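Structure incoming, see below.
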Amino acid sequence: MPIVTNLNNIKSSLPEHVTLVAVSKTKPNADILEAYNAGQRIFGENKIQEMAEKWEQMPKDIQWHMIGHVQTNKVKYMAPFVSLVHGVDSFKLLKEINKQAAKNNRIIDCLLQVFIAEEETKFGLDEKELNEILISEEFKELKNIKIVGLMGMATFTDNQTQIEKEFKNLKAIFDKLKTENYQLNTLSMGMSGDYKLAISCGSTMVRIGSSIFGGRN
Ligand SMILES: *Cc1c(COP(=O)(O)O)cnc(C)c1O
């Protein structure tokens, strides 16, 4: 199916309160422009250098989301323009984003990535680490970052019951933090294969790549 058809099908299936991040990693500028011309403005990338190149070449009203694992030494390349960093999984990284945001006179929105999957390979904080960051004095002094929510990835499995359990776990953590008065409004969970389930479990932001742009090599 053409990109525009895929995009419109997905958009029409999303509830009003759910934001679509079109994941364009590895895809050429021409593909991004097709989605852009159909009205899409939020794109997600998982490599900082690739995202920075696309930012230079593409229309300036695109909001670029960094959805992948972030290496501290590369934060400086995205700090001038990145609109949301999904994968913040350490205090060290948060401090570096704060530092580079300050250099650019910006406040950068971030999501803390929570580990909800069974696999060893997925990045993220556990609930204890999450709380430790959020209550620390050092965190309160970071004036150039804003934590706006949480992000998580379910286990790569066909077992819907397990995925649902993991999404519901993340939603429960999110709701609990919200009652503790943090400024949280975004719960990023759900990809091509599981976004409907994620939405039914409370997701407010889905990251969809292959169902829009086709498979990646
Ligand atoms: C690639 C990627 C996606 C999109 O995956 P699809 O299955 O192609 O929709 C979502 N989130 C993250 C973190 C990714 O790296």
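Order of appearance sets the numbers: ligands from 1, and atoms from 1 within every ligand. Predicted, not measured: the structure shown is a model, and the values here were computed from it.
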Exercise. State whether a side-chain donor-acceptor pair under 3.5 Å links Q162 with K165.
Key: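 Looking only at side-chain atoms, K165 and Q162 do not form any donor-acceptor pair under 3.5 Å.
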Practice problem: State plainly whether the residues E96 and K76 are in salt-bridge range, i.e. N to O under 4.0 Å. | Solution: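 A salt bridge is absent here (no side-chain N lies under 4.0 Å from a carboxylate O).
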Exercise. Check whether the side chains of Q49 and E53 place a donor and an acceptor atom closer than 3.5 Å, and report yes or no.
Key: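 There is no such pair (donor and acceptor under 3.5 Å, judged by atom type) between the side chains of Q49 and E53.
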So what's ligand 1 close to, N/O to N/O, under 3.5 Å?
unit_1: ligand 1; atom_1: 8 (O); unit_2: S210; atom_2: N; d: 2.8
unit_1: ligand 1; atom_1: 8 (O); unit_2: S210; atom_2: OG; d: 2.9
unit_1: ligand 1; atom_1: 8 (O); unit_2: R216; atom_2: NH1; d: 2.8
unit_1: ligand 1; atom_1: 8 (O); unit_2: R216; atom_2: NH2; d: 3.1
unit_1: ligand 1; atom_1: 9 (O); unit_2: S192; atom_2: N; d: 3.0
unit_1: ligand 1; atom_1: 9 (O); unit_2: S192; atom_2: OG; d: 2.5
unit_1: ligand 1; atom_1: 9 (O); unit_2: G209; atom_2: N; d: 2.8
unit_1: ligand 1; atom_1: 11 (N); unit_2: R207; atom_2: NE; d: 2.9
unit_1: ligand 1; atom_1: 15 (O); unit_2: K25; atom_2: NZ; d: 2.7

Quiz item: Would you call E45 and K54 a salt bridge, taking side-chain N to carboxylate O under 4.0 Å as the test?
Solution: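 Yes, E45 and K54 are salt-bridged.
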Practice problem: For the pair F213 and F43, name the ring-plane relationship: parallel under 30°, tilted 30 to 60°, perpendicular over 60°. | Solution: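 F213 and F43: tilted rings.
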Quiz item: Taking only residues two or more places apart in sequence or in another chain, which ones pass salt bridge (Lys or Arg N to Asp or Glu O under 4.0 Å) with K60?
Solution: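 Not a single residue meets the salt bridge (Lys or Arg N to Asp or Glu O under 4.0 Å) criterion with K60.
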